[in-house]
Asks: 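Can you read through this structure? Questions will come right after.
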Amino acid sequence: TPYLIHTLLNELDSFCLLITKDSQQAYSIESSLKFFSDSTLQSNEVLVFPDWETLPYDTFSPHEDIISQRLETLNTLPKLNKGILILPLNTLLHRLPPKTFIERHSLSLKISQRIDLGAYRSSLESVGYRHVETVYEHGEYTIRGAIFDIFPMGSELPVRVELFDDEIESLRTFDPETQRSKQKLNTLQILPAHEFPWDSESRLSFRNKWLEQFPNSASSSPLIRDIKDGIKPHGIEYYSPLFFDDMDTLFDYLPKNTLVITPPEASDNLDAIWTEINKRYEDRRHDIQRPILPPRNLFLSTDEIFSNIKSFPRITLTSERIDSSPGKLNLPFTTLQDVSVDDRATDPISKLKTAIDGFGGHTIIVAESAGRREVLNDLFKQYSLKHNTASDWNDCIKLEHQTVVTIGGLSHGFIDENAAFQIITETELFGQRVIQSRRRKKASDNAELVVKNLTELTIGSPVVHID
């Protein structure tokens, strides 16, 4: 799928929406696309719209990093004519804030701009930012004399704003762990901190809509009391429609020239998602202290999903072979033969050698990191497998009719019969690839040093046991 989509993006002058079965598949395809695309696509042209990673009607809120990525994606989408957006099917169901929301509730800063820190602090809090002692997470800010730090939604790093009197003298990103400056900026866009407005007028509107929606709810509801006091309740995202007169959908944000790519099991998966939504709604609807909105207020129905998809050109991809007919086509991709490493065999990589010799074309072996590539290099040298190394996909395709080891984020390999190359990943060599958590920024252990197979060990290798 990633290689096919990479080919489509190069040949078509359009934007693509790729719907995946779950979040893990979405991030796996993103990583694979970046391997194939390399320099042909800009980083902002391969987007993932993440799921909240909460269950329907949960009483806790999504992580700030998730909201940051979602807001940045919604802010970027209307400006794109080329690229791809990847998202899980269940995320597509969510109703979203109106397209005008982000523009109306964003702030901006630039060098030499004059600002009143007191007034700007009020503006930040009106769009949902919270004051802290030290800035570490998205949606936080702090003011210390003529310096104020802020971690804008959609930004990879927090920004330090230095003032000379009331004039902005410098804007710099910085590392929140070391406090060291990273990059100078001339301008800064500050997206709202939530997917709903948080000014006093919007909170009053919320309370009025609450009374209309839930006339029999308890007047002492902790949630409505927190809203009145300006405290963001946990799980408030499942009441977002009460902040707006109307909600939009992701389809409203897409460029007009969008090509939609869907999985074949979309209809069955939507039915399963809606079964879970309805079950959770019935289990929670009778709490007068915390009444909940009907599912139709928060999620698109299956009919609405397919009705919106019909307004765009569409491709459905399946791994099964089909009978060719008008509108249906089998692509020249096949699965690999067994190339797994057998640590009990005299030659653990004999299956891999057989696959390479039998194929006769170009074999590309993809390691997960530079460290893992070195492990594979040592393994192949030990068992006499001739190969070259390459830094990326573009280098690989230049070395035709050779066996090449490179680095990339691919999770599965395949054979391209037309181009006469096969790609083999560590999944095929060593088993299921472990996907790291998306928000995990600093690994406590070096994943490159993890032993995946006993054949990677040689006499004299240092081994450290970790409890």
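Heavy atoms only: backbone and side chains are in, while hydrogens, waters and symmetry mates are out.
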Asks: Do Thr316 and Thr262 pair up side chain to side chain, a donor and an acceptor below 3.5 Å, judged on atom types alone?
Replies: yes
Asks: Are side-chain N/O atoms of Glu162 and Ser170 paired as donor and acceptor at under 3.5 Å?
Replies: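 Checked: Glu162/Ser170 side chains pair up, N/O donor to acceptor below 3.5 Å.
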Asks: Going through the distances and angles, do Trp210 and Ser217 end up as a side chain to side chain donor-acceptor pair (under 3.5 Å)?
Replies: CA-CA 9 Å; Trp210 173 282; Ser217 65; 3.3 Å; yes
Asks: Given the rule in the side chain to side chain contact (heavy atoms under 4.5 Å, CB included) test, do Ile365 and Leu376 qualify, once you have shown the distances and angles that lead to the verdict?
Replies: CA-CA 9 Å; Ile365 301 173; Leu376 290 179; 4.2 Å; yes
Asks: Taking side chain as C-beta onward, heavy atoms only, is Leu17 less than 4.5 Å from Leu254?
Replies: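 Touching, per the 4.5 Å side-chain cut-off.
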Asks: Are the ring centres of Phe151 and His138 closer than 6.0 Å?
Replies: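 Ring centres of His138 and Phe151 closer than 6.0 Å.
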Asks: Measuring centre to centre across the rings, with the benzene-like ring taken for any Trp, is Phe101 within less than 6.0 Å of Phe244?
Replies: yes
Asks: Surrounding NE2 of His234 (heavy atoms of other residues, nucleotides or ligands, distance under 6.0 Å), is the total greater than 12?
Replies: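 Open: at most 12 neighbouring heavy atoms sit under 6.0 Å from NE2 of His234.
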Asks: Report the distance from atom CG of Leu87 to atom OG of Ser23, rounding to the nearest 0.5 Å.
Replies: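 Leu87 CG to Ser23 OG: 9.0 Å, rounded to 0.5 Å.
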Asks: Do Trp198 and His105 have ring centroids that are under 6.0 Å from one another?
Replies: no
Asks: If the threshold is 4.0 Å, N to carboxylate O, is there a salt bridge linking Glu304 and Arg95?
Replies: yes
Asks: In terms of the angle between their ring planes, are Phe333 and Phe414 parallel, tilted or perpendicular, with boundaries placed at 30° and 60°?
Replies: perpendicular
Asks: Does the Lys82 side chain pair with the main chain of Leu12, one donor and one acceptor, at a distance under 3.5 Å?
Replies: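 Judged by distance alone, yes, a pair lies under 3.5 Å.
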Asks: Count the heavy atoms of every other residue, nucleotide or ligand shown that sit under 6.0 Å from CZ of Arg296, and state whether that count exceeds 12.
Replies: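 Open.
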Asks: What's the shortest heavy-atom distance between Gly83 and Leu9, and which atoms?
Replies: O-CD2, 3.4 Å
Asks: Is the shortest side-chain heavy-atom distance between Ser32 and Tyr3 below 4.5 Å?
Replies: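 Result no, sub-4.5 Å side-chain heavy-atom pair not found.
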Asks: Any carboxylate oxygen within less than 4.0 angstrom of a Lys/Arg side-chain nitrogen, looking at Lys279 and Glu282?
Replies: no
Asks: May I ask you to test the Thr134-Thr142 pair for a side-chain heavy-atom distance under 4.5 Å?
Replies: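 With C-beta onward as the side chain, the pair stays apart.
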Asks: Looking at Phe430, is Arg372 sitting on its ring face, NZ or CZ under 6.0 Å from the six-membered ring centre and within 45 degrees of the normal?
Replies: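 Yes, a cation-pi geometry.
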Asks: What verdict does the side chain to side chain contact (heavy atoms under 4.5 Å, CB included) test give for Phe15 and Leu259, after you've listed the backbone C-alpha separation in whole Å, the side-chain angles of each residue and the deciding distance to 0.1 Å?
Replies: CA-CA 6 Å; Phe15 188 82; Leu259 169 68; over 6 Å; no
Asks: I need the Met153 CE to His194 NE2 distance, nearest 0.5 Å.
Replies: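 Taking CE in Met153 and NE2 in His194, the distance rounds to 7.5 Å.
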Asks: To the nearest 0.5 Å, tell me how far Leu89 CG sits from Ile273 CD1.
Replies: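 Atom-to-atom, Leu89:CG and Ile273:CD1 are 4.0 Å apart.
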Asks: Are side-chain N/O atoms of Asp303 and Ser307 paired as donor and acceptor at under 3.5 Å?
Replies: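 Absent: no donor and acceptor within the cut-off.
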Asks: What class does the angle between the rings of Phe206 and Phe243 fall in, given that below 30° is parallel, 30 to 60° is tilted and above 60° is perpendicular?
Replies: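 Answer is tilted, since the angle falls between 30° and 60°.
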Asks: With no hydrogens and no angle check, do the side chains of Glu125 and Tyr141 hold a donor and an acceptor under 3.5 Å apart?
Replies: yes
Asks: Asp58 vs Trp52, test: side chain to side chain contact (heavy atoms under 4.5 Å, CB included). Steps then yes/no.
Replies: CA-CA 11 Å; Asp58 265 346; Trp52 277 344; over 6 Å; no
Asks: Roughly how far, to the nearest 0.5 Å, is CZ of Arg207 from OG of Ser202?
Replies: 12.0 Å
Asks: Do other residues, nucleotides or ligands put more than 12 heavy atoms under 6.0 Å from the CG atom of Asp271?
Replies: yes
Asks: Taking Ala266's backbone N and O only, do any of them form a donor-acceptor pair with Asn269's side chain (distance below 3.5 Å, no angle check)?
Replies: no
Asks: Quick one: CG on Leu74 to OH on Tyr253, what's the gap to the nearest 0.5 Å?
Replies: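 With rounding to 0.5 Å, CG (Leu74) is 5.0 Å from OH (Tyr253).
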Asks: Give a yes or no on whether the backbone of Gln69 and the side-chain of Glu72 come within a donor-acceptor separation of less than 3.5 Å.
Replies: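 A pair under 3.5 Å: no.
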Asks: Does this structure show an ion pair linking Arg144 with Asp149, if we count only N-O contacts that are shorter than 4.0 Å?
Replies: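 Looking at Arg144 and Asp149, the cut-off is met.
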Asks: Are the side chain of Asp175 and the backbone of Glu177 linked by a donor-acceptor contact shorter than 3.5 Å?
Replies: yes
Asks: Side chain of Glu426, backbone of Glu368: donor and acceptor closer than 3.5 Å?
Replies: yes
Asks: Taking the side chain from Asn278 and the backbone from Trp274, do they hold a donor-acceptor pair closer than 3.5 Å?
Replies: yes
Asks: Would you kindly say whether Asp199 and Ser126 are connected by a side-chain donor-acceptor distance under 3.5 Å?
Replies: no
Asks: So with a 6.0 Å cut-off around CZ of Arg225, is the heavy-atom count from everything else above 12?
Replies: yes
Asks: Does NZ belonging to Lys232 count more than 12 external heavy atoms closer than 6.0 Å?
Replies: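 Correct, the count exceeds 12.
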Asks: May I have the step-by-step check of side chain to side chain contact (heavy atoms under 4.5 Å, CB included) for Leu93 and Ile305, ending in yes or no?
Replies: CA-CA 7 Å; Leu93 270 67; Ile305 291 287; 4.3 Å; yes
Asks: Ignoring hydrogens and angles, tell me if any N or O in the side chain of Ser311 forms a donor-acceptor pair with the backbone of Asn308 under 3.5 Å.
Replies: yes
Asks: State, without any angle test, whether Glu276 and Asn90 hold a side-chain donor-acceptor pair at a distance under 3.5 Å.
Replies: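 No donor-acceptor contact under 3.5 Å links the two side chains.
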Asks: Shortest non-hydrogen contact from Glu137 to Glu140?
Replies: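 So the two residues come closest at N-OE1, 3.0 Å.
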Asks: Find out whether Ser123 and Tyr129 are in side-chain contact, i.e. whether some heavy atom of one side chain is under 4.5 Å from a heavy atom of the other.
Replies: no
Asks: Can you spot which of Glu237, Glu64, Glu53, Glu195 makes a salt bridge (Lys or Arg N to Asp or Glu O under 4.0 Å) with Arg70?
Replies: Glu195
Asks: Got a donor-acceptor contact below 3.5 angstrom from the Arg121 side chain to the Ile143 backbone?
Replies: no
Asks: Between OG of Ser31 and CD1 of Ile86, what distance do you get to the nearest 0.5 Å?
Replies: 10.0 Å
Asks: Could you tell me whether Asp248 and Lys99 have a side-chain N and a carboxylate O separated by less than 4.0 Å?
Replies: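 Not counted as a salt bridge, because no side-chain N and carboxylate O are separated by less than 4.0 Å.
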Asks: Are the side chain of Asp165 and the backbone of Glu167 linked by a donor-acceptor contact shorter than 3.5 Å?
Replies: no
Asks: Which word best sums up how the rings of Tyr120 and Phe148 line up, parallel for under 30°, tilted for 30 to 60°, or perpendicular for over 60°?
Replies: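 Because their plane-to-plane angle lies in the 30° to 60° range, the rings of Tyr120 and Phe148 count as tilted.
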Asks: Does NZ or CZ of Arg280 come closer than 6.0 Å to the centre of the six-membered ring of Tyr57, within 45° of the ring's axis?
Replies: no
Asks: Testing the basics here: between Leu293 and Tyr238, what is the closest heavy-atom pair and its distance to 0.1 Å?
Replies: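 In this case the closest contact between Leu293 and Tyr238 is CD1-O, 3.6 Å.
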Asks: In terms of side-chain heavy atoms, does Ser205 have a donor or acceptor partner in Lys209 at a distance below 3.5 Å?
Replies: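 Indeed, the side chains of Ser205 and Lys209 share at least one donor-acceptor pair under 3.5 Å.
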Asks: Do the side chain of Ser61 and the main chain of Gly235 share a donor and acceptor less than 3.5 angstrom apart?
Replies: yes
Asks: Would you indicate whether Asp245, at its atom CG, is surrounded by more than 12 heavy atoms from other residues, nucleotides or ligands within a distance under 6.0 Å?
Replies: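 At most 12 heavy atoms, drawn from other residues, nucleotides or ligands, come within 6.0 Å of this atom.
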